[in-house]
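Down below is the structure, laid out as structure tokens.
Any value given below was found using the heavy atoms of this structure, including those in side chains, with hydrogens, waters and symmetry copies removed.
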Number of protein chains: 2
Amino acid sequence: MAKFLIADDHPLFREALQGALANHFSELTLREAEDLDSTLAALNKDDDVDLLLLDLHMPGSGDLYGLIRVREDYPLLPVAIISGSEDSSIVAKCIGFGALGFIPKSLPSAEIAEAIDTILQGETWVPKENRERLDVVSDEDQELAQKVSGLTPQQYRVLHFLHEGLLNKQIAYQLGITEATVKAHITAIFRKLGVYSRTQAVLVAERLQL
Amino acid sequence: MAKFLIADDHPLFREALQGALANHFSELTLREAEDLDSTLAALNKDDDVDLLLLDLHMPGSGDLYGLIRVREDYPLLPVAIISGSEDSSIVAKCIGFGALGFIPKSLPSAEIAEAIDTILQGETWVPKENRERLDVVSDEDQELAQKVSGLTPQQYRVLHFLHEGLLNKQIAYQLGITEATVKAHITAIFRKLGVYSRTQAVLVAERLQL
DNA sequence: AACACTATTAGACCATAGTCTAGATTGATA
DNA sequence: TATCAATCTAGACTATGGTCTAATAGTGTT
């Protein structure tokens, strides 16, 4: 009897996916999460989840951070990325950072079930179009991902805004904290990423497409 | 009778290319340049050059800037990029920014000549491996390239160091000017690129892979 | 309960970044 | 030659960025 966790901020899509899965897996327990925090909380509570179906664009999880974070805390858990886009460089990065599969939302439900079967057997599955160009992620990028996974959620949010080119003042307003606190976070981010200026931090974020 | 300009900072390679071309083009005048400044100077002096063979990595020309700059001043001149690398995203960007051809240095001389023939007839030529993925460069990128082409060479150098994550002080040392001057250049760069902070300028540079 | 550990918060303080103004130099043009 | 325009240069000044110190609160450990 399989237990899946669906992490997607779109309630309608969670429902649809649930329906598609119910038809193909007779004995199935489903858990749901709608943002990165609740995903991590759910994984913490249920230690026997067989598969995580993870949306790339959830609150608190801009692009690759969610995957990096989950892989850091639960390296043995099979993860299938569910995504609206299917840009091949993103697909390659997801696999490179440890996802077992990449399932576009546009896929018919029968094929989604097939893909999940493959993944449950421990094999990788990506859309046909992307099977050729699965460039390996470089050692440096792996190392950077390692460092980024050490950021706290709040620090990650700050890095995200840094990457948008916002001033400290603007970041403070966005997060509802003072500028002094933003600066403290930024100093901590520098330490963890091993850089010494905001431009370098932004370049790290850019490189990992966070 | 054809007149080519070879722009490459490697004297040995210029010589080799010259030899290869002499065998295939009977009537041929060759000019040479070893950096971006001398390339622009040579084009300015000789207004009847039929083809520019442009190396991507020349002093003063980090990646795409050389091409963008030449295209700005001489939009009608056929340009063939000569490059050691053959990364497909770079190939696509070169064609997108107006080069008629992309010739890897690893190509045998007979094929180089063939490629140049094709280009002289006004058709694009890229290596077989790269012919499929010639993604069109987006309008926004075109617009950014337009803006970057308006930078003076010194301003471009400053942008380059910004992109490396250097402090103003370090840039000043590298260029042998005072920090005050660096700041003045940076302000000018912001104006021309339409941004208001160094992080945003760095993101522009990153996006164009300068 | 007492402990160590870490995230979050923020104030005070110094360093760096960025603007404004302005003189010097160069190149094109009348 | 005179002149205009653009670039490069840099000093003085203000805004923003970044460090250090320290208090608070939460977490897991002994």
Atom-to-atom span, CG of A/Leu175 to C1' of C/dA7 - whole angstrom
15 Å

N-O pairing of B/Glu140 and B/Arg207 below 4.0 Å:
yes

Could you check A/Arg14 against A/Glu32 for salt bridge (Lys or Arg N to Asp or Glu O under 4.0 Å), going step by step and ending with a plain yes or no?
CA-CA 8 Å; A/Arg14 289 205 303 271; A/Glu32 302 189 15; 2.5 Å; yes

Atom CD of A/Gln154 to atom P of C/dT8: distance rounded to whole Å?
6 Å

Between B/Ala99 and B/Ile81, the two heavy atoms sitting closest are CB-CG1, 3.7 Å

Rounded distance (Å) that lies between atom C1' of C/dG18 and atom NZ of A/Lys169:
13 Å

Can you name the closest pair of heavy atoms from B/Phe102 and B/Pro127 and give their distance?
O-CD, 3.2 Å

Give the rounded distance in Å between these two atoms: NZ of A/Lys183 and P of C/dC14.
14 Å

Rounded distance in Å - CD (B/Glu179) to P (C/dG18):
11 Å

Nearest whole angstrom, please: distance from the P of C/dA17 to the CG of A/Leu166.
19 Å

Students should find that the nucleotides of DNA chain D closing off the region near chain B, any atom under 4.0 angstrom from a heavy atom, are D/dT7 to D/dG11

Mark yes when over 12 heavy atoms from residues, nucleotides or ligands other than A/Lys169 sit less than 6.0 Å from its NZ; otherwise mark no.
no

What is the nucleic acid contact for A/Thr181, judged by heavy atoms within less than 4.0 Å: base, sugar-phosphate only, or nothing?
base

Just checking B/Thr152: base, sugar-phosphate only, or nothing, at a heavy-atom cut-off of under 4.0 Å?
sugar-phosphate

Atom OH of A/Tyr173: over 12 foreign heavy atoms under 6.0 Å:
no

Residues in contact with DNA chain C, drawn from residues 185-201 of chain A - heavy-atom cutoff 4.0 Å
A/His185, A/Lys192

For A/Asp8 and A/Lys105, run salt bridge (Lys or Arg N to Asp or Glu O under 4.0 Å): C-alpha distance rounded to whole Å, both residues' side-chain angles, the deciding distance at 0.1 Å, then the answer.
CA-CA 11 Å; A/Asp8 192 310; A/Lys105 289 189 175 178; 3.1 Å; yes

Rounded distance (Å) that lies between atom C1' of C/dG18 and atom CG of A/Asn168
14 Å

So which atom in B/Val202 and which in B/Leu162 form the shortest heavy-atom distance, rounded to 0.1 Å?
CG2-O, 3.5 Å

Closest heavy-atom contact between A/Gly150 and A/Lys192?
O-NZ, 3.0 Å

Take A/Ala180 and B/Pro153, find for each the nucleotide of DNA chain D with the closest heavy atom, and name the residue whose nucleotide sits nearer the 5' end.
B/Pro153

